[in-house]
Amino acid sequence: MTNSNTGYHEADKYLVDSVLKGDSAAFATIIKKTEALVTQIIFKMISNPGDRKDLAQDIYLKAYKNLAGFKFQCKLSTWIAQIAYNTCFDYLRKKQLILPDNLHEEKEIKTTSPDEAFSLLHQKELTAILKKEIDQLPPIYQTLITLYHRQEMSYIELTEITGLPEGTVKSYLFRARKMLKNNLSRHYQKEDI
Amino acid sequence: MKTQHLTEEEIQQYVLDNSGGYNNAGDHIRLCEQCSEKAAAYRLLFNGIRQQNQPAFDFDLTELIMAQLPSAAPKAAKENLLIYFFIITAIAVTGLASYFFREYVAMLFKSIAPVLVYLFITGFITLSILLILDMYKNYKKKIHALDVYPG
């Protein structure tokens, strides 16, 4: 185990022990430390704002109740992200939203040099358009792409959170990036016309 | 140097590795306009994702959760203790029964025709294989449910 791993491990252990001894303020610290990650997962997987609030409460209450069962096999934040992912996934499964109907299919772009057109996009404009395009992706793709590129999580952490094999995570990320690039190129070309 | 165009996967990997150095993909990208444009597009895309705003709730999440926490500190789940209890009891009962009735068990196998023993073993193996196949099928089904773009 590396020094940095030992560091987070000890910090996590201290927080968990404090909560288990009855120090609820330590749980507030856990929430603050993991809020950004959990919020990302909820916002990427759940589109209905009303449900997001319920799920956020559900996630942290589950984490609190099961804290004694946390065995420090991964970071505490990864464990809570795992709960967040599974809670959102169960919600989507119940609502049968895992396979959205209105997906943008990958289509080959026949016009010349879409990538050049895309690279001409202004960064600010790109960020705005990209947000819309990311929102069009299936929830799992949105989550993976955000956690990997925005939250800078590793493939290992993504497999721990989602429970998917590493190969599947890599394959989903590859497809998500390709779809985004193609959709953005197409979007830019429409605007250009 | 690679003379054929790079695949999307190779270009993504090249950009992810931030390869400015000289390698097969890098040498090709420096000389190939088409692949170089693709790499530039991916670079922009990754920067764009990094610059996305962090979403936030319009309420104080910590406050909301803290107001709902049960007053008692969380304890180890009782279900786990129950499971351990049942496993230990089952092992103890089986062990004791095997010890006290070992002669009868030995006699049982001696009195059964070897054909029946083989039948029993074959049945057990067949059932195990079927169960494993079923588990594998279920696993594939779950993975397929996640895989929105199979193939």
Side-chain angles (χ1 to χ4, degrees), chain A residues 19-24 27-28 31-32 35-36 38-40 42-44 52-53 56-57 60-61 64-69 93 98-100 103 106 113-116 118-119 121 123 126-127 130-131 134 138 140-141 145-146 149-150 152 164-165 168 172 174-175 177-181 184-185, chain B residues 7-13 15-16 33-81 139-140 142-151:
Chain A
V19 177
L20 295 179
K21 281 177 192 158
D23 177 8
S24 58
F27 195 69
I31 299 174
K32 286 203 172 84
E35 190 180 346
V38 169
T39 309
Q40 276 287 15
I42 296 173
F43 272 67
K44 292 301 161 209
R52 286 174 179 163
K53 187 177 178 180
Q57 295 177 70
Y60 279 108
L61 290 176
Y64 184 78
K65 279 180 194 158
N66 294 300
L67 204 58
R93 194 165 44 195
I98 295 289
L99 295 161
L103 288 174
E106 279 185 85
S113 190
D115 300 305
E116 189 187 26
F118 170 36
S119 54
L121 275 169
Q123 188 64 52
L126 171 73
T127 309
L130 188 55
K131 189 191 175 309
I134 292 175
I140 293 162
Y141 284 12
I145 206 130
T146 307
H149 289 283
R150 174 74 174 73
E152 297 183 341
L164 294 169
T168 309
Y172 284 0
F174 164 73
R175 291 182 208 174
R177 290 174 194 130
K178 192 177 168 196
M179 281 167 70
L180 276 177
K181 182 185 73 85
L184 278 169
S185 304
Chain B
T7 61
E8 290 281 332
E9 209 162 0
E10 285 171 324
I11 296 174
Q12 282 190 14
Q13 200 53 53
V15 179
L16 283 173
E33 200 181 340
Q34 196 181 323
C35 291
S36 158
E37 279 167 11
K38 280 186 180 174
Y42 275 119
R43 227 170 261 128
L44 265 177
L45 175 67
F46 298 165
N47 282 336
I49 300 172
R50 263 193 294 274
Q51 283 169 21
Q52 291 293 302
N53 290 331
Q54 166 71 35
F57 286 112
D58 53 3
F59 53 86
D60 189 332
L61 184 63
T62 312
E63 211 171 88
L64 182 79
I65 307 293
M66 294 309 286
Q68 293 179 47
L69 283 190
S71 50
K75 297 234 158 54
K78 281 183 183 163
E79 297 93 63
N80 286 348
L81 292 176
Y139 166 78
K140 291 294 276 181
K142 281 177 186 167
I143 288 289
H144 182 73
L146 289 168
D147 194 354
V148 288
Y149 291 109

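As a basis for the values below, the full set of heavy atoms in this structure was taken, side chains included, without hydrogen atoms, waters or symmetry mates. Per chain, numbering begins at 1; letters A, B, ... match sequence-line order.
With rounding to the nearest 0.5 Å, the separation of CD1 in A:Ile145 from CG in B:Leu45 is 6.5 Å.
Looking at B:Ala39, neither its backbone nor its side chain comes within 4.5 Å of chain A, counting heavy atoms on both sides. Residue contact with chain A, scored on non-hydrogen atoms closer than 4.5 Å, involves the side chain of B:Leu64 exclusively. Of the atoms belonging to A:Ile42, it is side-chain heavy atoms, and not backbone ones, that fall under 4.5 Å from chain B. Contacts of B:Asn53 with chain A are made by backbone atoms alone, with heavy-atom separations under 4.5 Å and no side-chain atom involved. Contact of A:Phe43 with chain B is made through the side chain alone, with heavy-atom distances under 4.5 Å. Both the backbone and the side chain of A:Lys53 come within less than 4.5 Å of a heavy atom in chain B.
The choice from B:Arg50, B:Gln12, B:Glu9 that makes the most heavy-atom pairs within less than 4.5 Å of chain A is B:Gln12. Counting heavy-atom pairs under 4.5 Å between each of A:Ile134, A:Val19, A:Ile31 and chain B puts A:Ile31 at the top. Between chain B and the residues A:Ala28, A:Ala56, A:Gly22, the largest count of heavy-atom pairs under 4.5 Å involves A:Ala28.
Using bins of under 30°, 30° to 60° and over 60° for the plane-to-plane angle, the ring pair A:Phe27/A:Tyr60 lands in the perpendicular bin.
In this structure, B:Gln52 contributes its side chain and A:Thr127 its backbone to a donor-acceptor pair below 3.5 Å. Under the 3.5 Å distance criterion, the side-chain polar atoms of B:Gln68 are left unmatched by any main-chain donor or acceptor of A:Leu61.
When all heavy atoms of A:Pro138 and A:Met179 are compared, the pair lying nearest together is CD-CE, 4.5 Å. Of all non-hydrogen atoms in A:Ala36 and B:Gln54, the two that sit nearest each other are O-NE2, 3.0 Å.
Side-chain contact check for B:Glu8 versus A:Arg177: every heavy-atom pair is 4.5 Å or farther apart.
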